[in-house]
Amino acid sequence: MTAHLAAAPEPSVSVRAPGKVNLSLRVGAVRPDGYHPLVNIFQAVSLYEEVTATAVPAGRGVSIAVDGPHADRVPTDRANLAWRAAELLAEHTGVRPDVHLAIVKGVPVAGGMAGGSADAAAALVACDALWETGLGRNELTELGGRLGADVPFALHGHVAVGTGRGDVLTPAMVRGEFFWALAVTDEGLSTARVFDAFDAAHAGGRGVPADPALADDTPLMQALRAGDARALGSLLHNDLQEPALGLAPHLRETMDVARDAGALGVMLSGSGPTVAALARSRQHALAIAASWTAVGTADDVYTAVGPSPGARIV
């Protein structure tokens with residue numbers, strides 16, 4: 001009797017990368033190339049994307065499968081940043097882009113928390129390990145910046161200041177943990193539409209600096225270094241918040257509910273529509289989330305803690 005041995009599974013690598021909240025987002029006047037200079041202070045939080053890169057036979061190319069909340073809203077073709085990350089890494093290192101990427105969503109889709117950028121960061125790290133291309137984190141960061149302004153931060157995590165388009169990162173000093181409640185709506189907000197509304201409100205650069213100043217956030221940086229959540233809550237800032245609320249005014253009620261529940265600070269994350277509320281403790285974050293659920297102002301609620309590390313093999 002001949003024994004039949006099972007075929008060995010194809011090699012695979014799994015990587016987790018975090019979503020983020022913007023503690024401060026300052027926007028300069030639009031440039032001739034269509035970009036806005038930004039000063040972004042990011043904090044990575046404990047909501048993660050997980051990407052598993054699995055080897056496939058030569059010539060198969062890239063394929064993607066997505067699982068998790070609202071997976072049906074995530075593209076599974078080259079429109080997905082993770083797909084483009086795999087292709088870019090292959091092109092850069094001279095390997096064949098043959099890989100299957102299985103994405104498990106943990107960051108709200110189209111919520112202003114950079115879930116797609118986290119997918120790209122995770123795909124870069126996973127494919128680099130799978131293909132044994134041996135790039136350092138700095139080289140992966142440079143590639144990530146070509147894919148999108150938030151990808152470098154998803155690679156590094158923790159807390160950082162982003163300048164330029166938000167992709168030139170400087171790590172920030174921080175003490176302790178910060179607790180967040182997050183309210184998510186199913187109806188996304190287009191980042192491009194929010195920036196268009198910002199430009200319309202500041203036609204001709206009216207009231208907008210050519211280059212936003214990090215010095216405006218000195219008190220916020222001091223609050224981070226001191227681990228002072230109450231001070232941080234009073235200093236949260238987002239230049240895109242009013243343009244976004246103009247497009248989605250119902251989010252004002254979501255923000256008011258969090259304030260009524262005692263949040264230390266409330267803001268839209270990035271271009272929205274996720275509402276981020278800074279809490280006193282893990283238990284207080286749960287209470288704020290419960291308030292949203294009770295009133296019915298959010299389609300989903302999450303709690304998270306920051307800062308969290310960047311893309312890491314698991």
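Just so you know, these numbers come straight off a predicted model, no measurement behind them.
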Just wondering, do [Y] and [X] contact through their side chains at under 4.5 Å, heavy atoms?
| X | Y | answer |
| --- | --- | --- |
| E50 | S14 | yes |
| L220 | L232 | yes |
| P37 | P212 | yes |
| P108 | L47 | yes |
| P97 | V62 | yes |
| H92 | T133 | no |

Nearest-0.5 Å distance, CE of residue M267 to CG of residue L235: 11.5 Å
Heavy-atom count around [X] [atom1] within 6.0 Å, excluding the residue itself: above 12?
| X | atom1 | answer |
| --- | --- | --- |
| E91 | CD | no |
| R146 | CZ | yes |
| R282 | CZ | no |

Does [X] reach the main-chain N or O of [Y] with its side chain, forming a donor-acceptor pair under 3.5 Å?
| X | Y | result |
| --- | --- | --- |
| W292 | T254 | yes |
| K20 | H158 | no |
| N40 | L25 | no |
| R137 | L155 | yes |
| D150 | A114 | no |
| H284 | A181 | no |
| D98 | G61 | yes |
| S269 | G112 | yes |
| D128 | G134 | yes |
| D67 | V104 | no |

Thinking salt bridges, do [X] and [Y] make one under a 4.0 Å N-O criterion?
| X | Y | value |
| --- | --- | --- |
| K105 | E49 | yes |
| D256 | R259 | yes |
| R84 | D119 | no |

Evaluate the criterion side-chain contact (heavy atoms from CB on, under 4.5 Å) for residue pair L147 and L124; output intermediate values, then yes/no. CA-CA 11 Å; L147 294 163; L124 285 173; 4.1 Å; yes
Using only heavy-atom distances, determine whether the side chains of S63 and H100 contain a donor-acceptor pair under 3.5 Å. yes
Does a side chain donor of either H237 or D217 reach within less than 3.5 Å of an acceptor in the other side chain? no
Does one hydrophobic cluster hold both V45 and L169, with members joined at side-chain heavy-atom distances below 4.5 Å?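 No, V45 does not connect to L169 through the hydrophobic network.
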Cluster overlap F42 with V266, hydrophobic side-chain contacts below 4.5 Å: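 F42 and V266: separate clusters.
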Criterion side-chain contact (heavy atoms from CB on, under 4.5 Å) against L182, the qualifying member of T274, V275, V107, D300: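 Passing option: T274.
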Could you walk me through whether T303 and F179 satisfy the side-chain contact (heavy atoms from CB on, under 4.5 Å) test, starting with their C-alpha distance in whole Å, then the side-chain angles of each, then the deciding distance to 0.1 Å, before giving a yes or no? CA-CA 8 Å; T303 60; F179 300 94; over 6 Å; no
Are M113 and V184 close enough, and set up right, to give a side-chain contact (heavy atoms from CB on, under 4.5 Å), and what steps lead you there? CA-CA 10 Å; M113 295 186 68; V184 179; 5.6 Å; no
Test salt bridge (charged side-chain N to carboxylate O under 4.0 Å, His left out) applied to R60 - qualifying residues, sequence neighbours left out: none
Partner residues of R312 under the side-chain hydrogen bond (donor to acceptor under 3.5 Å, both in side chains) criterion, sequence neighbours left out: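 Expected list: none.
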How are the rings of F198 and F195 set to each other: parallel, tilted or perpendicular (split at 30° and 60°)? perpendicular
